[in-house]
Asker: 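Please find one structure pasted underneath; my questions will follow.
Naming: A, B, ... by sequence-line order, numbering from 1 per chain. The structure presented is a predicted model; accordingly, all values stated were derived computationally and were not measured.
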Amino acid sequence: MLDVRLIRNDPDAVRSGLARRGEDLALLDRLVELDGEHRALTAERDALRAEIRSLSNQVGTLHREGRSEEATALQEESRALGERERELDVRCDEASTAVRDILLRLPNLPAPDCPDGAGEVDNVVVRVEGFDESAYRDHQRVPHWEVGEELGILDVERAVKLSGSMFVMYRGAGAALVRALCQLAIDRNVDRYEEVRPPTLVRTDTLISTGHLPKFVDEAYHLERDDLWAIPTAEVPLTSLHRDEILAEGDLPRRFVAHTSCFRREAGSAGKDTRGLLRVHEFDKVEILALGTPAQAAELHREILERAEGIVVELGLAYRVLDLCAGDIGNSAARTFDIEVYAPGVDQWLEVSSVSWFSDYQARRANLRFRPESGKGTEVLHTLNGSALAVPRVWAALVETHRQPDGTVLVPDPLRPYLTPYLGGDGPLR
RNA sequence: GGAGGGAUGGCAGAGCGGACGAAUGCGACGGUCUUGAAAACCGUUGGGCCCUCACGGGUCCCGUGGGUUCGAAUCCCACUCCCUCCGCCA
């Protein structure tokens with residue numbers, strides 16, 4: 001959520017920020033108008049209330065002194081004011097609800113150093129690591145769904161029987177590989193990040209805090225009977241962990257790592273990437289997230305990116321880092337670096353992590369604040385996060401990249417300790 | 001799922017229609033005293049919104065939403081959450 005005061009004090013900055021995203025500015029105009037209305041109404045209402053309060057106090061005094069006739073006169077006067085106050089109050093509420101509705105739908109402003117651009121094609125490739133197109137051999141040019149089926153480690157057909165298309169099931173060594181990947185990603189981050197196992201079903205407020213609601217209702221699974229939502233990412237519960245709290249500056253930054261299932265309806269991409277693991281409704285992901293002061297944010301952003309990259313490197317995958325342009329960053333983000341791994345079997349770059357800085361956008365929605373060590377009052381925090389590891393796409397790139405001429409998959413060293421029962425003999429993993 | 005109890009400031013806990021943003025205690029912070037510390041004493045100690053360059057002022061917040069009233073932490077209604085017991089259960 002944007003700061004209304006910023007919208008009031010520097011509307012041009014907000015306007016140009018939203019324009020960089022290609023956002024329609026009509027909503028903003030409407031917001032400015034409603035906000036002015038709201039403030040005028042509030043001022044009028046508060047003045048009336050002050051008068052009513054003072055009259056009521058006088059009534060009390062008069063009654064105690066036994067001057068009930070004078071009291072009755074004042075009561076009449078106050079009653080009349082009360083009627084107007086109620087009327088104003090209703091209009092005031094309407095205006096403030098309308099303001100909030102728009103505020104909840106306006107996206108974050110892109111950071112000044114976020115590259116310009118209208119969409120995907122304008123994203124800036126920051127670096128490419130470990131990629132040599134000519135080095136891939138034929139045995140690596142097999143899509144993961146074929147590799148998976150061949151080795152009996154991926155069973156898409158039966159997953160579809162159980163749950164429908166875009167659900168998948170890993171089996172045997174494939175299932176173990178999912179577990180190994182998650183555990184590796186957690187173990188690599190527990191040095192500084194507190195391990196959390198949060199709920200995966202959350203209330204509406206929790207999804208509003210991160211910016212997933214109200215705008216993206218169609219993307220989320222909703223359990224109507226209980227009015228709970230299945231989380232699309234651990235970002236959702238982790239961001240709300242300290243919701244409505246005021247943290248001490250000395251306790252910042254707070255860092256969290258969480259492994260959860262993630263659920264996405266993928267309503268906007270029906271028919272896209274329907275094969276294999278590229279786009280699925282339910283998947284495992286290890287997320288890292290930090291809450292910090294505005295001054296700490298840049299360094300935290302760098303740190304999360306470094307950690308997300310580190311795991312991809314350990315897994316021996318080719319990857320590139322993109323600096324997403326203003327037209328392509330997510331609704332809540334101010335700046336985002338995407339990590340994409342190269343999957344030789346499908347010959348595609350797969351997004352496996354979005355490392356985002358949300359400035360105070362989510363924190364304002366979640367009412368996450370801190371008390372500065374020097375000075376008074378409270379300030380809004382900054383939130384940042386990124387996937388340490390998102391299973392399906394990493395799993396896909398991994399089995400394609402490390403497929404051997406005999407069809408088995410060579411497991412990279414860092415994963416081996418987690419897979420010992422599967423590495424002996426002539427199984428699918430070597 | 002059934003029966004009962006409860007929700008007040010950082011915590012504990014009073015207030016049950018008028019001067020209550022709220023007693024008191026604890027904690028925290030500042031000061032006096034002290035070589036230093038403790039004790040004692042004195043003081044300070046929530047957040048949101050609006051107006052103001054500022055000083056300051058107004059208003060709202062006692063789980064949430066509505067109602068009664070000149071006036072609500074206090075009365076009424078609904079909801080939510082928590083606790084205890086019973087049932088069920090991985």
Asker: When the P atoms of B:C61 and B:A72 are compared, how many Å lie between them, rounded to an integer?
Answerer: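 Their P atoms lie roughly 9 Å apart.
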
Asker: Please report the distance separating the P of B:U64 from the corresponding atom of B:G10, rounded so that it comes out in whole Å.
Answerer: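 Straight-line distance between the two P atoms is 14 Å.
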
Asker: Could you tell me which nucleotide pairs with B:C82 by Watson-Crick or G-U wobble geometry, both distances under 3.5 Å, or answer none if nothing does?
Answerer: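 Pair assignment: B:C82 / B:G5.
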
Asker: For A:E245 and B:G10, what is the distance between atoms CD and C1' respectively, to the nearest whole Å?
Answerer: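 Computing the A:E245:CD to B:G10:C1' distance gives 12 Å.
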
Asker: Does A:S240 use its side chain to pair, donor to acceptor, with the backbone of A:P237 at less than 3.5 Å?
Answerer: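 No, because the side chain of A:S240 does not come within donor-acceptor range (under 3.5 Å) of the backbone of A:P237.
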
Asker: Applying a 3.5 Å limit to both distances, which nucleotide forms a Watson-Crick or G-U wobble pair with B:G87?
Answerer: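 Across any shown strand, B:G87 pairs with none.
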
Asker: So what's B:C29 paired with, Watson-Crick or G-U wobble, going by both distances under 3.5 Å?
Answerer: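 Across all strands, the one nucleotide that pairs with B:C29 is B:G43.
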
Asker: As a quick check of understanding, evaluate side chain to side chain contact (heavy atoms under 4.5 Å, CB included) for A:L381 and A:D360, giving each step before the final call.
Answerer: CA-CA 6 Å; A:L381 282 169; A:D360 58 5; over 6 Å; no

Asker: Between A:R203 and A:H38, which has a closest nucleotide on RNA chain B that is more 5'?
Answerer: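 First, find each residue's nearest nucleotide; the 5'-ward one identifies A:H38.
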
Asker: Measure the distance from CG on A:D226 to P on B:C81 and round it to the nearest whole Å.
Answerer: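 Between P of B:C81 and CG of A:D226: 11 Å.
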
Asker: Expressed as a whole number of angstroms, how long is the span from A:I246:CD1 to B:G10:P?
Answerer: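 Rounded to whole Å, this separation is 8 Å.
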
Asker: Measure from CG on A:N9 to C1' on B:C50 and round the result to the nearest Å.
Answerer: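 Rounded to the whole Å, the gap is 13 Å.
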
Asker: Just name whichever nucleotide pairs with B:C55, Watson-Crick or G-U, keeping both distances under 3.5 Å, else none.
Answerer: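 Here B:C55 is not engaged in any pair, so there is no nucleotide opposite it.
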
Asker: Using the C1' atoms only, state how far B:G63 lies from B:U74, rounded to an integer number of Å.
Answerer: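 B:U74 and B:G63 have their C1' atoms separated by 16 Å.
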
Asker: Classify the side-chain pair A:H212/A:N331 by whether it contains a donor and acceptor separated by less than 3.5 Å.
Answerer: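 No, because no side-chain N or O of A:H212 sits under 3.5 Å from a partner of the opposite role on A:N331.
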
Asker: Write down the distance between CZ (A:R364) and P (B:G48), rounded to a whole number of angstrom.
Answerer: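 After rounding, the reported distance stands at 12 Å.
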
Asker: Using the C1' atom in both, what is the distance from B:C62 to B:C20, to the nearest Å?
Answerer: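 Between the two C1' atoms, the distance is 10 Å.
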
Asker: What is the per-nucleotide protein-contact pattern of nucleotides 60-74 of chain B, from the 5' end, where B denotes a base atom under 4.0 Å from a protein heavy atom, S denotes such proximity for sugar-phosphate atoms only, and - denotes neither?
Answerer: S---------BS---

Asker: Could you tell me whether a side-chain N or O of A:R403 sits under 3.5 Å from a main-chain N or O of A:L410, the two making a donor and an acceptor?
Answerer: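 Side chain of A:R403 to backbone of A:L410: no pair is present.
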
Asker: Please test A:N123 against A:D338 for side chain to side chain contact (heavy atoms under 4.5 Å, CB included), starting from the C-alpha separation and ending with a verdict.
Answerer: CA-CA 10 Å; A:N123 293 335; A:D338 267 9; 5.9 Å; no

Asker: Would you measure the distance from the P atom in B:G2 across to the matching atom in B:G67 and give it in whole Å?
Answerer: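 Looking at atom P only, B:G2 and B:G67 are 30 Å apart.
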
Asker: Please report the distance separating the P of B:A22 from the corresponding atom of B:U45, rounded so that it comes out in whole Å.
Answerer: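 Rounded to whole Å, the distance is 10 Å.
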
Asker: Charged N to carboxylate O under 4.0 angstrom, A:R67 versus A:E70?
Answerer: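 Counted as a salt bridge, because a side-chain N and a carboxylate O are separated by less than 4.0 Å.
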
Asker: Look at the aromatic rings of A:F263 and A:Y221 and report parallel, tilted or perpendicular, splitting at 30° and 60°.
Answerer: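 Aromatic pair A:F263/A:Y221 classed perpendicular.
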
Asker: Just compare B:G46, B:G48, B:G58 and give me whichever is closest to any side-chain atom of A:R371.
Answerer: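 Among B:G46, B:G48, B:G58, the one nearest the side chain of A:R371 is B:G46.
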
Asker: For B:G18, give the paired nucleotide (Watson-Crick: N1-N3 plus N6-O4 or O6-N4; G-U: N1-O2 and O6-N3; both under 3.5 Å), or none.
Answerer: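 Across any shown strand, B:G18 pairs with B:C70.
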
Asker: If you measure from the Lys or Arg side-chain nitrogens to the Asp or Glu carboxylate oxygens, is any gap between A:R84 and A:E44 under 4.0 Å?
Answerer: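 So A:R84 pairs with A:E44 through a salt bridge.
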
Asker: Would you say the side chains of A:T260 and A:K285 form a donor-acceptor pair under 3.5 Å?
Answerer: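 There is no such pair (donor and acceptor under 3.5 Å, judged by atom type) between the side chains of A:T260 and A:K285.
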
Asker: Mark yes or no for whether A:N189, through its side chain, and A:I186, through its backbone, hold a donor-acceptor pair below 3.5 Å.
Answerer: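 Checking the backbone N and O of A:I186 against the side chain of A:N189, no donor-acceptor pair under 3.5 Å is found.
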
Asker: Between A:W357 and A:H382, is a ring-ring contact (aromatic ring centres under 6.0 Å, His included) present by the stated rule, with each step listed?
Answerer: CA-CA 8 Å; A:W357 168 49; A:H382 279 201; 5.7 Å; yes

Asker: Quantified in whole Å, what is the C1' atom distance between nucleotide B:U59 and nucleotide B:G21?
Answerer: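 My reading of the C1' atoms in B:U59 and B:G21 gives 13 Å.
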
Asker: Does B:U24 pair with anything, Watson-Crick or G-U wobble, both distances under 3.5 Å, and if so, with which nucleotide?
Answerer: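 Pairing partner, where one exists within any strand: B:A12.
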
Asker: Expressed as a whole number of Å, how far does the P atom of B:A38 sit from that of B:C51?
Answerer: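 Comparing P positions in B:A38 and B:C51 gives a spacing of 46 Å.
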
Asker: Identify the pairs formed between an N or O of the protein and an N or O of nucleotides 87-90 of chain B at a distance under 3.5 Å, and give each distance.
Answerer:
none

Asker: What pairs of nitrogen or oxygen atoms, one from the protein and one from nucleotides 51-57 of chain B, lie under 3.5 Å apart?
Answerer:
unit_1 : atom_1 : unit_2 : atom_2 : d
B:C51  : OP1    : A:R39  : NH1    : 2.5

